[in-house]
**Student:** 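Sharing a structure with you now.
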Amino acid sequence: MKKPPAGTDAKNVLKQWKIVGFSCLVGIGAAFLLLCAFALILSVKDLPHGAITPMAIAAVVVGCFVAGYCAGRTIRAGGLVYGLLCGTVIFLFAFFCELMLIGGGFSILLLYKYIIYISSGMIGGVLGVNKRRKVR
């Protein structure tokens, strides 16, 4: 017997947004922990100033990947879309924090950052959907 289609009722959409929000929080937490580890490394070891930017990019990539992976693993469908949503939410969070702290405006660098955020989120989402579950 076939199951009826899930549909896009308000309850289902709200549940999916809650999952995306929670996944974004997990991703931001992962990026924060990685940034703390990098700060510890920088305080112990004397690294050049040019090493800060790659470390920050690596932390962002890991955070967006984790967020997309969690969303894709939980929802089990639409990994690209939910990875894109997670990357966009985390990007907007970081962008508004940057606007409040530093100021500045829009530039081509902002587009590059957005591409990095969404691509790592989408890769995580696809891998999360395609991860096989253990059969017991």
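Excluded from the calculations below are hydrogen atoms, water molecules and symmetry mates; all remaining heavy atoms, backbone and side chain alike, are included. Since the model is a prediction, treat every value here as computed from it, not as a measurement.
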**Student:** Are Lys131 and Tyr69 side-chain neighbours, meaning at least one heavy-atom pair lies under 4.5 Å?
**Tutor:** yes
**Student:** Is there side-chain contact between Glu98 and Lys113, with at least one heavy-atom pair below 4.5 Å?
**Tutor:** yes
**Student:** Atom CD1 of Ile41 and atom CG of Asp46: how far apart are they, to the nearest 0.5 Å?
**Tutor:** 13.5 Å
**Student:** Drop me the distance from Cys64's SG to Leu84's CG, to the nearest 0.5 angstrom.
**Tutor:** 11.0 Å
**Student:** Which residue is it: Leu25, Val26, Ile19? I am looking for the one with a side-chain contact (heavy atoms from CB on, under 4.5 Å) to Ser23.
**Tutor:** Ile19
**Student:** Could you report the tightest heavy-atom contact between Leu34 and Ala59, atom names first, then the distance?
**Tutor:** CD2-CA, 3.6 Å
**Student:** Are Val129 and Tyr82 side-chain neighbours, meaning at least one heavy-atom pair lies under 4.5 Å?
**Tutor:** no
**Student:** Please report the shortest heavy-atom distance between Gly63 and Ala31, naming the atom on each side.
**Tutor:** CA-CB, 4.0 Å
**Student:** So do Leu127 and Phe65 actually touch side chain to side chain, heavy atoms under 4.5 Å?
**Tutor:** yes
**Student:** Considering non-hydrogen atoms only, spot the tightest contact between Ala56 and Leu35 and give its length.
**Tutor:** CA-CD2, 4.2 Å
**Student:** Would you indicate whether the side-chain heavy atoms of Met55 and Leu42 approach each other to under 4.5 Å?
**Tutor:** yes
**Student:** Which atom pair, heavy atoms only, marks the closest approach of Cys86 to Ala67?
**Tutor:** SG-O, 3.6 Å
**Student:** Just how far is it from atom CG of Leu99 to atom CG of Leu92, taken to the nearest 0.5 Å?
**Tutor:** 10.5 Å
**Student:** If the plane angle is over 60° it's perpendicular, under 30° parallel, otherwise tilted; pick one for Tyr117 and Phe91.
**Tutor:** perpendicular
